Enquirer: 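Sharing a structure here in C-alpha coordinates format.
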Protein chains: 2
Amino acid sequence: MSQVPLSQISASQISASQVAPPSNFRTDDDARSTRELIIAESLRCFAEAGYNGTSLNDIAAGVGIRRPSLLHHFASKEALYGEVFERLLADWLERLEVAVADQALGWAKVELVLNAGFRLFEDTPDYVRMMRREALDGGTHLGIDLAAVLRPLFDAASAYFDAQMDAGVFKRHNSRHLLITGYGAILTYFSDAAFIDGLIDDEALTKEHIAEHRDHVLSFFKSALID
Amino acid sequence: MSQVPLSQISASQISASQVAPPSNFRTDDDARSTRELIIAESLRCFAEAGYNGTSLNDIAAGVGIRRPSLLHHFASKEALYGEVFERLLADWLERLEVAVADQALGWAKVELVLNAGFRLFEDTPDYVRMMRREALDGGTHLGIDLAAVLRPLFDAASAYFDAQMDAGVFKRHNSRHLLITGYGAILTYFSDAAFIDGLIDDEALTKEHIAEHRDHVLSFFKSALID
DNA sequence: CGCACTACCTACTGGTCGGTAGGTATTCTG
DNA sequence: CAGAATACCTACCGACCAGTAGGTAGTGCG
(Lines give C-alpha, C1' and ligand atoms only; values in the text may rest on other atoms or scores of the structure.)
Protein backbone atom coordinates (compact mmCIF):
# COMPACT_ATOMS: atom_id res chain seq x y z
CA MET A 1 0.00 0.00 0.00
CA SER A 2 0.77 3.69 -0.22
CA GLN A 3 3.65 3.36 -2.67
CA VAL A 4 2.16 6.24 -4.62
CA PRO A 5 4.70 7.92 -6.90
CA LEU A 6 5.69 11.33 -5.56
CA SER A 7 5.04 12.73 -9.00
CA GLN A 8 1.34 12.31 -8.39
CA ILE A 9 1.31 14.70 -5.47
CA SER A 10 0.84 18.17 -6.87
CA ALA A 11 1.26 21.51 -5.13
CA SER A 12 -2.35 22.46 -5.80
CA GLN A 13 -3.48 19.64 -3.58
CA ILE A 14 -1.80 21.19 -0.58
CA SER A 15 -3.62 24.51 -0.97
CA ALA A 16 -7.00 23.13 0.03
CA SER A 17 -9.77 25.61 0.53
CA GLN A 18 -10.86 26.28 4.11
CA VAL A 19 -14.03 28.08 3.04
CA ALA A 20 -16.68 25.61 4.17
CA PRO A 21 -16.60 24.62 7.84
CA PRO A 22 -19.66 22.33 7.74
CA SER A 23 -19.88 21.89 11.50
CA ASN A 24 -21.95 18.71 11.14
CA PHE A 25 -19.60 16.87 13.43
CA ARG A 26 -20.70 13.70 15.11
CA THR A 27 -19.90 12.36 18.55
CA ASP A 28 -18.89 8.77 19.24
CA ASP A 29 -22.47 7.72 19.76
CA ASP A 30 -23.36 9.24 16.44
CA ALA A 31 -20.33 7.61 14.86
CA ARG A 32 -21.77 4.14 15.20
CA SER A 33 -24.99 5.55 13.95
CA THR A 34 -23.35 7.03 10.85
CA ARG A 35 -22.05 3.57 10.01
CA GLU A 36 -25.53 2.20 10.48
CA LEU A 37 -26.98 4.99 8.38
CA ILE A 38 -24.58 4.13 5.58
CA ILE A 39 -25.47 0.45 5.73
CA ALA A 40 -29.18 1.22 5.77
CA GLU A 41 -28.91 3.59 2.82
CA SER A 42 -26.69 1.14 0.94
CA LEU A 43 -29.25 -1.61 1.41
CA ARG A 44 -31.95 0.68 0.04
CA CYS A 45 -29.86 1.67 -2.99
CA PHE A 46 -28.46 -1.79 -3.79
CA ALA A 47 -31.97 -3.25 -3.57
CA GLU A 48 -33.42 -0.48 -5.72
CA ALA A 49 -30.79 -0.18 -8.43
CA GLY A 50 -28.37 -3.07 -7.97
CA TYR A 51 -24.61 -2.98 -7.46
CA ASN A 52 -23.71 -1.42 -10.80
CA GLY A 53 -26.63 0.99 -10.71
CA THR A 54 -25.64 2.41 -7.34
CA SER A 55 -22.78 4.88 -7.04
CA LEU A 56 -21.03 5.72 -3.81
CA ASN A 57 -22.17 9.29 -4.39
CA ASP A 58 -25.79 8.13 -4.31
CA ILE A 59 -25.28 6.44 -0.97
CA ALA A 60 -23.27 9.29 0.50
CA ALA A 61 -25.87 11.82 -0.60
CA GLY A 62 -28.61 9.74 1.01
CA VAL A 63 -26.71 9.78 4.28
CA GLY A 64 -25.83 13.45 3.98
CA ILE A 65 -22.07 13.16 3.71
CA ARG A 66 -19.50 13.12 0.88
CA ARG A 67 -18.11 10.07 -0.81
CA PRO A 68 -14.65 10.26 0.76
CA SER A 69 -16.29 10.39 4.19
CA LEU A 70 -18.16 7.23 3.33
CA LEU A 71 -14.89 5.60 2.35
CA HIS A 72 -13.57 6.55 5.74
CA HIS A 73 -16.05 4.06 7.23
CA PHE A 74 -15.73 1.35 4.55
CA ALA A 75 -12.58 0.42 2.70
CA SER A 76 -14.26 0.07 -0.69
CA LYS A 77 -17.56 -0.27 -2.46
CA GLU A 78 -17.15 -4.04 -2.51
CA ALA A 79 -16.41 -4.12 1.21
CA LEU A 80 -19.55 -2.09 1.87
CA TYR A 81 -21.64 -4.36 -0.33
CA GLY A 82 -20.14 -7.39 1.36
CA GLU A 83 -21.01 -6.12 4.82
CA VAL A 84 -24.59 -5.34 3.84
CA PHE A 85 -24.92 -8.77 2.30
CA GLU A 86 -23.40 -10.59 5.25
CA ARG A 87 -25.81 -8.85 7.56
CA LEU A 88 -28.66 -9.92 5.28
CA LEU A 89 -27.58 -13.55 5.46
CA ALA A 90 -27.02 -13.49 9.21
CA ASP A 91 -30.44 -11.94 9.87
CA TRP A 92 -32.19 -14.45 7.64
CA LEU A 93 -30.43 -17.54 8.92
CA GLU A 94 -31.03 -16.53 12.51
CA ARG A 95 -34.75 -16.02 12.04
CA LEU A 96 -35.26 -19.04 9.83
CA GLU A 97 -33.41 -21.36 12.18
CA VAL A 98 -35.84 -20.50 14.95
CA ALA A 99 -38.67 -21.79 12.79
CA VAL A 100 -36.70 -24.75 11.48
CA ALA A 101 -35.70 -25.85 14.98
CA ASP A 102 -39.33 -26.08 16.07
CA GLN A 103 -40.51 -29.56 16.98
CA ALA A 104 -43.72 -29.37 14.98
CA LEU A 105 -44.34 -32.09 12.40
CA GLY A 106 -46.27 -32.58 9.18
CA TRP A 107 -48.11 -29.66 7.69
CA ALA A 108 -47.86 -27.64 10.90
CA LYS A 109 -44.12 -27.35 10.43
CA VAL A 110 -44.40 -26.33 6.78
CA GLU A 111 -46.91 -23.69 7.78
CA LEU A 112 -44.58 -22.51 10.52
CA VAL A 113 -41.63 -22.11 8.16
CA LEU A 114 -43.69 -20.47 5.41
CA ASN A 115 -45.13 -18.03 7.91
CA ALA A 116 -41.67 -17.24 9.22
CA GLY A 117 -40.53 -16.64 5.66
CA PHE A 118 -43.41 -14.32 4.92
CA ARG A 119 -42.88 -12.37 8.12
CA LEU A 120 -39.18 -12.15 7.38
CA PHE A 121 -39.71 -10.92 3.82
CA GLU A 122 -42.39 -8.50 4.94
CA ASP A 123 -39.95 -6.99 7.43
CA THR A 124 -37.07 -6.80 4.99
CA PRO A 125 -38.32 -6.29 1.42
CA ASP A 126 -35.06 -4.63 0.41
CA TYR A 127 -33.17 -7.76 1.45
CA VAL A 128 -35.38 -9.80 -0.84
CA ARG A 129 -34.67 -7.69 -3.89
CA MET A 130 -30.97 -7.67 -3.15
CA MET A 131 -31.00 -11.45 -2.78
CA ARG A 132 -32.89 -11.80 -6.03
CA ARG A 133 -30.30 -9.73 -7.85
CA GLU A 134 -27.61 -11.87 -6.28
CA ALA A 135 -29.33 -15.06 -7.46
CA LEU A 136 -29.70 -13.58 -10.96
CA ASP A 137 -26.00 -12.87 -11.09
CA GLY A 138 -25.15 -16.39 -10.00
CA GLY A 139 -24.91 -15.80 -6.27
CA THR A 140 -21.16 -15.43 -6.43
CA HIS A 141 -20.87 -11.65 -6.86
CA LEU A 142 -18.49 -11.43 -3.95
CA GLY A 143 -16.57 -13.95 -1.91
CA ILE A 144 -19.70 -15.50 -0.42
CA ASP A 145 -21.20 -18.43 -2.28
CA LEU A 146 -24.86 -17.91 -1.53
CA ALA A 147 -25.94 -21.35 -2.63
CA ALA A 148 -23.28 -23.06 -0.50
CA VAL A 149 -24.49 -21.21 2.60
CA LEU A 150 -28.10 -22.19 2.01
CA ARG A 151 -27.32 -25.74 0.89
CA PRO A 152 -27.51 -27.29 4.39
CA LEU A 153 -30.92 -25.74 4.98
CA PHE A 154 -32.01 -26.85 1.54
CA ASP A 155 -30.82 -30.42 2.09
CA ALA A 156 -32.46 -30.59 5.51
CA ALA A 157 -35.76 -29.33 4.12
CA SER A 158 -35.55 -31.79 1.25
CA ALA A 159 -34.92 -34.68 3.65
CA TYR A 160 -37.82 -33.54 5.82
CA PHE A 161 -40.24 -33.60 2.88
CA ASP A 162 -38.95 -36.97 1.70
CA ALA A 163 -39.46 -38.44 5.18
CA GLN A 164 -42.97 -37.05 5.48
CA MET A 165 -43.85 -38.31 2.01
CA ASP A 166 -42.46 -41.75 2.83
CA ALA A 167 -44.63 -41.70 5.95
CA GLY A 168 -47.64 -40.86 3.83
CA VAL A 169 -48.19 -37.51 5.53
CA PHE A 170 -47.68 -35.61 2.27
CA LYS A 171 -48.62 -36.58 -1.23
CA ARG A 172 -45.64 -37.68 -3.29
CA HIS A 173 -43.66 -34.93 -5.08
CA ASN A 174 -40.03 -34.43 -5.99
CA SER A 175 -38.85 -32.71 -2.83
CA ARG A 176 -35.99 -30.74 -4.36
CA HIS A 177 -38.11 -29.41 -7.19
CA LEU A 178 -40.85 -28.72 -4.67
CA LEU A 179 -38.49 -26.51 -2.71
CA ILE A 180 -37.37 -24.64 -5.81
CA THR A 181 -40.99 -24.09 -6.78
CA GLY A 182 -41.82 -22.88 -3.29
CA TYR A 183 -38.91 -20.51 -3.04
CA GLY A 184 -39.78 -19.07 -6.43
CA ALA A 185 -43.46 -18.69 -5.60
CA ILE A 186 -42.82 -16.80 -2.40
CA LEU A 187 -39.78 -14.74 -3.32
CA THR A 188 -41.24 -13.52 -6.59
CA TYR A 189 -44.15 -11.82 -4.89
CA PHE A 190 -41.74 -9.66 -2.93
CA SER A 191 -39.00 -9.14 -5.49
CA ASP A 192 -41.33 -8.24 -8.35
CA ALA A 193 -43.77 -6.19 -6.31
CA ALA A 194 -43.37 -3.13 -8.52
CA PHE A 195 -44.26 -5.22 -11.57
CA ILE A 196 -47.10 -7.08 -9.86
CA ASP A 197 -48.60 -3.73 -8.89
CA GLY A 198 -49.26 -3.22 -12.58
CA LEU A 199 -51.00 -6.58 -12.93
CA ILE A 200 -53.48 -6.23 -10.08
CA ASP A 201 -55.72 -3.44 -8.88
CA ASP A 202 -54.59 -3.47 -5.28
CA GLU A 203 -51.15 -2.40 -4.27
CA ALA A 204 -48.72 -5.21 -3.48
CA LEU A 205 -46.66 -5.15 -0.30
CA THR A 206 -49.42 -3.60 1.79
CA LYS A 207 -50.09 -5.49 4.99
CA GLU A 208 -53.46 -6.65 3.69
CA HIS A 209 -52.22 -7.82 0.33
CA ILE A 210 -49.25 -9.65 1.79
CA ALA A 211 -51.64 -11.46 4.11
CA GLU A 212 -53.84 -12.31 1.13
CA HIS A 213 -50.91 -13.75 -0.76
CA ARG A 214 -49.65 -15.66 2.26
CA ASP A 215 -53.09 -17.20 2.77
CA HIS A 216 -53.17 -18.18 -0.88
CA VAL A 217 -49.72 -19.76 -0.89
CA LEU A 218 -50.51 -21.67 2.31
CA SER A 219 -53.81 -23.04 1.02
CA PHE A 220 -52.33 -23.75 -2.40
CA PHE A 221 -49.42 -25.74 -1.02
CA LYS A 222 -51.66 -27.48 1.48
CA SER A 223 -53.95 -28.40 -1.35
CA ALA A 224 -51.06 -29.91 -3.29
CA LEU A 225 -49.50 -31.74 -0.34
CA ILE A 226 -52.48 -32.99 1.68
CA ASP A 227 -55.31 -35.13 0.39
CA MET B 1 -5.55 17.87 -34.74
CA SER B 2 -2.49 16.03 -35.89
CA GLN B 3 -0.07 18.39 -34.17
CA VAL B 4 1.93 15.38 -33.11
CA PRO B 5 5.65 16.13 -33.19
CA LEU B 6 7.28 14.47 -36.13
CA SER B 7 9.77 12.94 -33.77
CA GLN B 8 7.01 10.84 -32.27
CA ILE B 9 6.06 9.25 -35.56
CA SER B 10 8.12 6.13 -35.65
CA ALA B 11 8.57 3.77 -38.50
CA SER B 12 6.77 1.10 -36.53
CA GLN B 13 3.61 3.22 -36.38
CA ILE B 14 3.54 3.69 -40.11
CA SER B 15 4.01 0.05 -40.80
CA ALA B 16 1.51 -0.88 -38.12
CA SER B 17 -1.23 1.15 -39.78
CA GLN B 18 -0.69 -0.80 -42.95
CA VAL B 19 -0.15 -4.19 -41.46
CA ALA B 20 -3.72 -4.29 -40.15
CA PRO B 21 -6.10 -3.45 -42.98
CA PRO B 22 -9.23 -4.74 -41.23
CA SER B 23 -10.64 -6.28 -44.37
CA ASN B 24 -13.70 -7.35 -42.43
CA PHE B 25 -15.89 -5.56 -44.87
CA ARG B 26 -19.49 -6.66 -45.17
CA THR B 27 -21.73 -6.77 -48.20
CA ASP B 28 -25.37 -5.65 -48.12
CA ASP B 29 -26.53 -9.11 -47.15
CA ASP B 30 -24.12 -9.13 -44.25
CA ALA B 31 -25.26 -5.67 -43.24
CA ARG B 32 -28.60 -6.92 -42.03
CA SER B 33 -26.77 -9.72 -40.37
CA THR B 34 -24.49 -7.32 -38.49
CA ARG B 35 -27.58 -5.70 -37.01
CA GLU B 36 -28.82 -9.12 -35.99
CA LEU B 37 -25.44 -9.99 -34.53
CA ILE B 38 -25.54 -6.83 -32.44
CA ILE B 39 -29.03 -7.61 -31.16
CA ALA B 40 -28.07 -11.18 -30.35
CA GLU B 41 -24.94 -10.12 -28.49
CA SER B 42 -26.83 -7.35 -26.69
CA LEU B 43 -29.41 -9.85 -25.50
CA ARG B 44 -26.65 -12.07 -24.17
CA CYS B 45 -24.92 -9.19 -22.36
CA PHE B 46 -28.07 -7.52 -20.97
CA ALA B 47 -29.29 -10.88 -19.66
CA GLU B 48 -25.91 -11.71 -18.15
CA ALA B 49 -24.98 -8.38 -16.59
CA GLY B 50 -28.03 -6.11 -16.82
CA TYR B 51 -28.32 -2.70 -18.44
CA ASN B 52 -25.89 -0.89 -16.16
CA GLY B 53 -23.44 -3.77 -16.12
CA THR B 54 -23.15 -3.89 -19.89
CA SER B 55 -21.08 -1.33 -21.79
CA LEU B 56 -21.40 -0.68 -25.48
CA ASN B 57 -17.75 -1.72 -25.73
CA ASP B 58 -18.66 -5.15 -24.36
CA ILE B 59 -21.31 -5.61 -27.01
CA ALA B 60 -19.18 -4.23 -29.82
CA ALA B 61 -16.28 -6.47 -28.84
CA GLY B 62 -18.59 -9.50 -28.84
CA VAL B 63 -19.65 -8.67 -32.38
CA GLY B 64 -16.11 -7.88 -33.49
CA ILE B 65 -16.55 -4.21 -34.28
CA ARG B 66 -15.88 -0.89 -32.47
CA ARG B 67 -18.35 1.05 -30.39
CA PRO B 68 -18.83 3.86 -32.95
CA SER B 69 -19.69 1.27 -35.56
CA LEU B 70 -22.29 -0.14 -33.25
CA LEU B 71 -23.74 3.33 -32.80
CA HIS B 72 -23.94 3.56 -36.56
CA HIS B 73 -26.63 0.86 -36.41
CA PHE B 74 -28.41 2.04 -33.26
CA ALA B 75 -28.94 5.64 -32.21
CA SER B 76 -28.11 5.07 -28.55
CA LYS B 77 -27.69 2.43 -25.87
CA GLU B 78 -31.29 2.96 -24.78
CA ALA B 79 -32.56 2.56 -28.33
CA LEU B 80 -30.63 -0.70 -28.63
CA TYR B 81 -31.99 -1.97 -25.33
CA GLY B 82 -35.48 -0.96 -26.36
CA GLU B 83 -35.26 -2.86 -29.64
CA VAL B 84 -33.99 -6.00 -27.93
CA PHE B 85 -36.77 -5.77 -25.39
CA GLU B 86 -39.50 -5.16 -27.96
CA ARG B 87 -38.36 -8.21 -29.86
CA LEU B 88 -38.51 -10.20 -26.62
CA LEU B 89 -42.08 -9.15 -25.99
CA ALA B 90 -43.19 -9.76 -29.57
CA ASP B 91 -41.68 -13.26 -29.63
CA TRP B 92 -43.28 -14.19 -26.32
CA LEU B 93 -46.73 -12.82 -27.05
CA GLU B 94 -46.80 -14.52 -30.43
CA ARG B 95 -45.91 -17.93 -29.05
CA LEU B 96 -48.08 -17.66 -25.98
CA GLU B 97 -51.12 -16.56 -27.94
CA VAL B 98 -50.98 -19.73 -29.99
CA ALA B 99 -51.35 -21.75 -26.79
CA VAL B 100 -53.90 -19.38 -25.28
CA ALA B 101 -56.08 -19.49 -28.41
CA ASP B 102 -56.35 -23.27 -28.23
CA GLN B 103 -59.87 -24.56 -27.64
CA ALA B 104 -58.84 -27.03 -24.94
CA LEU B 105 -60.64 -26.76 -21.60
CA GLY B 106 -60.04 -27.60 -17.95
CA TRP B 107 -56.67 -29.00 -16.95
CA ALA B 108 -55.71 -29.78 -20.54
CA LYS B 109 -55.56 -26.08 -21.33
CA VAL B 110 -53.49 -25.27 -18.25
CA GLU B 111 -51.10 -28.04 -19.21
CA LEU B 112 -50.96 -26.68 -22.74
CA VAL B 113 -50.07 -23.17 -21.62
CA LEU B 114 -47.58 -24.33 -19.01
CA ASN B 115 -45.88 -26.54 -21.59
CA ALA B 116 -45.76 -23.66 -24.05
CA GLY B 117 -44.20 -21.49 -21.35
CA PHE B 118 -41.58 -24.08 -20.53
CA ARG B 119 -40.72 -24.62 -24.19
CA LEU B 120 -40.54 -20.85 -24.68
CA PHE B 121 -38.28 -20.31 -21.69
CA GLU B 122 -36.12 -23.26 -22.63
CA ASP B 123 -35.60 -21.75 -26.07
CA THR B 124 -34.88 -18.26 -24.79
CA PRO B 125 -33.24 -18.39 -21.36
CA ASP B 126 -31.60 -15.02 -21.94
CA TYR B 127 -35.00 -13.44 -22.47
CA VAL B 128 -36.11 -14.79 -19.11
CA ARG B 129 -33.22 -13.23 -17.23
CA MET B 130 -33.67 -9.93 -19.00
CA MET B 131 -37.37 -9.98 -18.17
CA ARG B 132 -36.60 -10.78 -14.55
CA ARG B 133 -34.29 -7.81 -14.30
CA GLU B 134 -36.95 -5.67 -15.86
CA ALA B 135 -39.54 -6.87 -13.32
CA LEU B 136 -37.07 -6.22 -10.50
CA ASP B 137 -36.59 -2.68 -11.69
CA GLY B 138 -40.33 -2.10 -11.87
CA GLY B 139 -40.88 -2.98 -15.51
CA THR B 140 -40.71 0.62 -16.56
CA HIS B 141 -37.03 0.92 -17.42
CA LEU B 142 -37.87 2.33 -20.83
CA GLY B 143 -41.02 3.58 -22.47
CA ILE B 144 -42.69 0.19 -22.42
CA ASP B 145 -44.84 -0.60 -19.40
CA LEU B 146 -44.32 -4.33 -19.15
CA ALA B 147 -47.21 -4.94 -16.79
CA ALA B 148 -49.64 -3.02 -18.99
CA VAL B 149 -48.73 -5.16 -22.00
CA LEU B 150 -49.24 -8.39 -20.08
CA ARG B 151 -52.32 -7.23 -18.21
CA PRO B 152 -54.85 -8.43 -20.84
CA LEU B 153 -53.32 -11.90 -20.84
CA PHE B 154 -53.27 -11.86 -17.06
CA ASP B 155 -56.91 -10.80 -16.83
CA ALA B 156 -58.00 -13.40 -19.40
CA ALA B 157 -56.14 -16.15 -17.53
CA SER B 158 -57.65 -15.01 -14.24
CA ALA B 159 -61.15 -15.06 -15.73
CA TYR B 160 -60.53 -18.53 -17.14
CA PHE B 161 -59.54 -19.92 -13.76
CA ASP B 162 -62.48 -18.24 -12.06
CA ALA B 163 -64.89 -19.72 -14.59
CA GLN B 164 -63.41 -23.19 -14.23
CA MET B 165 -63.52 -22.94 -10.45
CA ASP B 166 -67.12 -21.77 -10.57
CA ALA B 167 -67.89 -24.79 -12.75
CA GLY B 168 -66.24 -27.04 -10.18
CA VAL B 169 -63.51 -28.17 -12.58
CA PHE B 170 -60.75 -26.75 -10.38
CA LYS B 171 -60.60 -26.56 -6.63
CA ARG B 172 -61.23 -23.06 -5.32
CA HIS B 173 -58.20 -20.72 -5.12
CA ASN B 174 -57.71 -16.99 -5.54
CA SER B 175 -57.08 -16.87 -9.28
CA ARG B 176 -54.93 -13.75 -9.35
CA HIS B 177 -52.69 -14.94 -6.56
CA LEU B 178 -52.61 -18.33 -8.22
CA LEU B 179 -51.24 -16.75 -11.39
CA ILE B 180 -48.62 -14.79 -9.49
CA THR B 181 -47.57 -17.95 -7.68
CA GLY B 182 -47.40 -19.84 -10.96
CA TYR B 183 -45.42 -17.22 -12.78
CA GLY B 184 -42.97 -17.05 -9.90
CA ALA B 185 -42.61 -20.80 -9.67
CA ILE B 186 -41.80 -21.21 -13.33
CA LEU B 187 -39.79 -18.10 -14.03
CA THR B 188 -37.53 -18.54 -11.02
CA TYR B 189 -36.23 -21.87 -12.21
CA PHE B 190 -34.92 -20.23 -15.36
CA SER B 191 -33.85 -16.86 -14.03
CA ASP B 192 -31.99 -18.22 -11.02
CA ALA B 193 -30.49 -21.23 -12.76
CA ALA B 194 -26.93 -20.26 -11.80
CA PHE B 195 -27.96 -20.11 -8.15
CA ILE B 196 -30.04 -23.29 -8.28
CA ASP B 197 -27.04 -25.11 -9.73
CA GLY B 198 -25.40 -24.63 -6.35
CA LEU B 199 -28.38 -26.10 -4.49
CA ILE B 200 -28.72 -29.33 -6.43
CA ASP B 201 -26.28 -31.93 -7.67
CA ASP B 202 -27.45 -31.93 -11.27
CA GLU B 203 -26.98 -28.99 -13.54
CA ALA B 204 -30.04 -26.83 -14.12
CA LEU B 205 -31.07 -25.85 -17.64
CA THR B 206 -30.02 -29.14 -19.17
CA LYS B 207 -32.73 -30.72 -21.29
CA GLU B 208 -33.20 -33.49 -18.75
CA HIS B 209 -33.41 -31.23 -15.72
CA ILE B 210 -35.81 -28.81 -17.38
CA ALA B 211 -38.07 -31.75 -18.21
CA GLU B 212 -37.82 -32.91 -14.61
CA HIS B 213 -38.83 -29.52 -13.33
CA ARG B 214 -41.64 -29.20 -15.86
CA ASP B 215 -43.02 -32.57 -14.81
CA HIS B 216 -42.87 -31.51 -11.20
CA VAL B 217 -44.59 -28.17 -11.74
CA LEU B 218 -47.32 -29.84 -13.80
CA SER B 219 -48.01 -32.55 -11.24
CA PHE B 220 -47.77 -30.09 -8.37
CA PHE B 221 -50.27 -27.68 -9.88
CA LYS B 222 -52.52 -30.53 -10.93
CA SER B 223 -52.40 -31.82 -7.41
CA ALA B 224 -53.45 -28.43 -6.06
CA LEU B 225 -56.18 -27.79 -8.65
CA ILE B 226 -57.76 -31.20 -9.18
CA ASP B 227 -59.26 -33.46 -6.52
C1' DC C 1 -16.28 8.52 -64.35
C1' DG C 2 -18.83 11.01 -60.55
C1' DC C 3 -21.50 10.91 -56.73
C1' DA C 4 -24.22 9.28 -53.04
C1' DC C 5 -24.36 5.76 -49.69
C1' DT C 6 -22.96 2.28 -46.33
C1' DA C 7 -20.08 0.33 -42.88
C1' DC C 8 -16.50 0.75 -40.59
C1' DC C 9 -12.49 3.19 -38.38
C1' DT C 10 -9.42 6.49 -35.08
C1' DA C 11 -9.51 10.21 -32.10
C1' DC C 12 -11.77 12.92 -29.37
C1' DT C 13 -15.41 15.23 -25.72
C1' DG C 14 -17.69 15.90 -21.44
C1' DG C 15 -18.98 13.51 -17.66
C1' DT C 16 -19.01 9.97 -13.93
C1' DC C 17 -16.91 6.29 -11.66
C1' DG C 18 -14.16 4.35 -7.42
C1' DG C 19 -10.50 5.66 -4.81
C1' DT C 20 -6.57 8.65 -2.75
C1' DA C 21 -4.04 12.67 -0.68
C1' DG C 22 -3.96 15.77 2.50
C1' DG C 23 -6.10 19.13 5.39
C1' DT C 24 -9.25 20.75 9.41
C1' DA C 25 -12.36 20.84 13.11
C1' DT C 26 -13.73 18.36 17.30
C1' DT C 27 -13.30 15.07 21.01
C1' DC C 28 -10.92 11.71 23.94
C1' DT C 29 -7.06 10.67 26.81
C1' DG C 30 -2.74 10.82 29.35
C1' DC D 1 -2.64 21.18 28.09
C1' DA D 2 -0.34 18.09 24.44
C1' DG D 3 -1.09 14.58 21.33
C1' DA D 4 -3.67 10.91 19.34
C1' DA D 5 -7.82 9.62 17.22
C1' DT D 6 -12.00 10.45 14.75
C1' DA D 7 -15.04 12.20 11.25
C1' DC D 8 -15.54 14.92 8.05
C1' DC D 9 -14.01 17.98 4.06
C1' DT D 10 -11.97 19.67 -0.86
C1' DA D 11 -9.26 18.57 -4.63
C1' DC D 12 -7.43 15.54 -7.26
C1' DC D 13 -6.30 10.90 -10.07
C1' DG D 14 -6.74 7.36 -13.69
C1' DA D 15 -10.17 4.51 -15.80
C1' DC D 16 -14.13 4.10 -18.07
C1' DC D 17 -18.53 5.59 -19.83
C1' DA D 18 -21.87 7.04 -23.87
C1' DG D 19 -21.72 9.64 -27.62
C1' DT D 20 -19.58 12.76 -31.59
C1' DA D 21 -16.51 14.41 -35.39
C1' DG D 22 -14.48 13.42 -39.21
C1' DG D 23 -12.12 10.40 -42.28
C1' DT D 24 -11.74 6.19 -45.40
C1' DA D 25 -12.49 2.23 -47.84
C1' DG D 26 -15.82 -0.33 -50.73
C1' DT D 27 -20.54 -0.56 -53.42
C1' DG D 28 -24.39 0.78 -56.52
C1' DC D 29 -26.15 3.75 -59.83
C1' DG D 30 -26.59 7.78 -63.19
Side-chain angles (χ1 to χ4, degrees), chain A residues 1-38 42 45-46 49-61 63-82, chain B residues 1-4 8-9 13-14 16-38 42 45 49-61 63-82:
Chain A
M1 316 277 155
S2 77
Q3 62 278 63
V4 176
L6 288 176
S7 63
Q8 286 187 9
I9 300 176
S10 70
S12 61
Q13 277 182 298
I14 296 169
S15 66
S17 76
Q18 294 125 344
V19 217
S23 86
N24 47 348
F25 186 82
R26 295 178 182 284
T27 71
D28 271 10
D29 281 344
D30 294 332
R32 235 198 337 257
S33 139
T34 294
R35 236 188 107 86
E36 293 303 313
L37 280 175
I38 292 172
S42 301
C45 291
F46 286 140
Y51 186 83
N52 284 316
T54 300
S55 81
L56 293 184
N57 277 324
D58 295 337
I59 299 170
V63 175
I65 59 175
R66 312 282 159 176
R67 179 169 26 88
S69 309
L70 189 155
L71 287 165
H72 165 72
H73 294 279
F74 298 90
S76 69
K77 186 183 183 181
E78 263 201 16
L80 172 56
Y81 184 86
Chain B
M1 315 288 138
S2 75
Q3 61 279 63
V4 177
Q8 285 188 12
I9 299 180
Q13 275 183 301
I14 294 170
S17 65
Q18 284 154 352
V19 165
S23 84
N24 46 347
F25 186 82
R26 296 178 181 285
T27 71
D28 273 9
D29 281 344
D30 293 333
R32 239 200 333 259
S33 138
T34 294
R35 235 185 108 86
E36 293 304 312
L37 280 176
I38 292 172
S42 300
C45 290
Y51 185 84
N52 284 315
T54 300
S55 82
L56 293 184
N57 277 325
D58 295 337
I59 299 170
V63 176
I65 58 175
R66 311 285 157 171
R67 178 169 27 86
S69 309
L70 188 155
L71 287 165
H72 165 73
H73 294 278
F74 297 89
S76 68
K77 186 183 182 181
E78 264 201 14
L80 172 56
Y81 184 85

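Values in this document were obtained by computation on a predicted structure and should not be read as measured data. Order of the sequence lines fixes the chain letters, A, B, ..., with proteins taken first and strands second; residue numbering starts at 1 for each chain.
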Enquirer: Is any side-chain N or O of B:Thr34 closer than 4.0 Å to OP1 or OP2 of C:dC8?
Expert: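 Affirmative; the distance criterion is met.
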Enquirer: Give the nucleotide from the list C:dG19, C:dC17, D:dC17 with an atom nearest to the side chain of B:Ser55.
Expert: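 Among C:dG19, C:dC17, D:dC17, the one nearest the side chain of B:Ser55 is D:dC17.
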Enquirer: Would you call the rings of A:Phe46 and A:Tyr51 parallel, tilted or perpendicular, where under 30° means parallel and over 60° means perpendicular?
Expert: parallel
Enquirer: Between B:Ile59 and B:Leu70, is the side chain to side chain contact (heavy atoms under 4.5 Å, CB included) condition met? List the steps.
Expert: CA-CA 8 Å; B:Ile59 299 170; B:Leu70 188 155; 3.6 Å; yes
Enquirer: Counting only side-chain heavy atoms from C-beta out, which of D:dC12, C:dC12, C:dA7 sits nearest to B:Arg67?
Expert: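 Among D:dC12, C:dC12, C:dA7, the one nearest the side chain of B:Arg67 is C:dC12.
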Enquirer: Let me know the distance between CD1 of B:Ile38 and C1' of C:dT6, rounded to the nearest Å.
Expert: 13 Å
Enquirer: How many Å lie between CG on A:Leu70 and P on D:dA7, as a whole number?
Expert: 13 Å
Enquirer: Return the value, rounded to whole Å, for the distance between atom NZ of A:Lys77 and atom P of C:dT16.
Expert: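 Checked: the NZ to P distance equals 15 Å.
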Enquirer: Measuring from B:Asn57:CG to B:Cys45:SG, what's the distance to the nearest 0.5 Å?
Expert: 11.0 Å
Enquirer: Can you measure A:Phe74 atom CZ to D:dC8 atom C1' for me and round it to whole angstrom units?
Expert: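 Taking CZ of A:Phe74 and C1' of D:dC8, I get 15 Å after rounding.
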Enquirer: Report the nucleotide, chosen from D:dG19, C:dA7, D:dC8, that has the shortest atom-to-atom distance to any side-chain atom of B:Leu71.
Expert: D:dG19
Enquirer: Output the single nucleotide from C:dG18, D:dC9, D:dA18 whose closest atom is nearest the side chain of A:Ile65.
Expert: D:dC9
Enquirer: Looking only at non-hydrogen atoms, find the nearest pair between B:Thr54 and B:Ala49 and report the distance.
Expert: OG1-CB, 3.8 Å
Enquirer: According to a strict under-4.0 Å criterion, is A:Ser69 in side-chain N/O contact with OP1 or OP2 of D:dC9?
Expert: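 Yes.
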Enquirer: Find the distance A:Arg66:CZ to D:dC12:P and express it as a whole number of Å.
Expert: 16 Å
Enquirer: Tell me: CG of A:Asn52 to C1' of D:dA18, nearest whole Å?
Expert: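 A:Asn52 atom CG is separated from D:dA18 atom C1' by 15 Å.
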Enquirer: Between A:His72 and A:Pro68, which has a closest nucleotide on DNA chain D that is more 5'?
Expert: A:His72
Enquirer: Output the single nucleotide from D:dC8, C:dA7, D:dC17 whose closest atom is nearest the side chain of B:Asn57.
Expert: D:dC17
Enquirer: Could you go step by step and tell me if A:Leu37 and A:Ile65 meet the side chain to side chain contact (heavy atoms under 4.5 Å, CB included) rule?
Expert: CA-CA 11 Å; A:Leu37 280 175; A:Ile65 59 175; over 6 Å; no
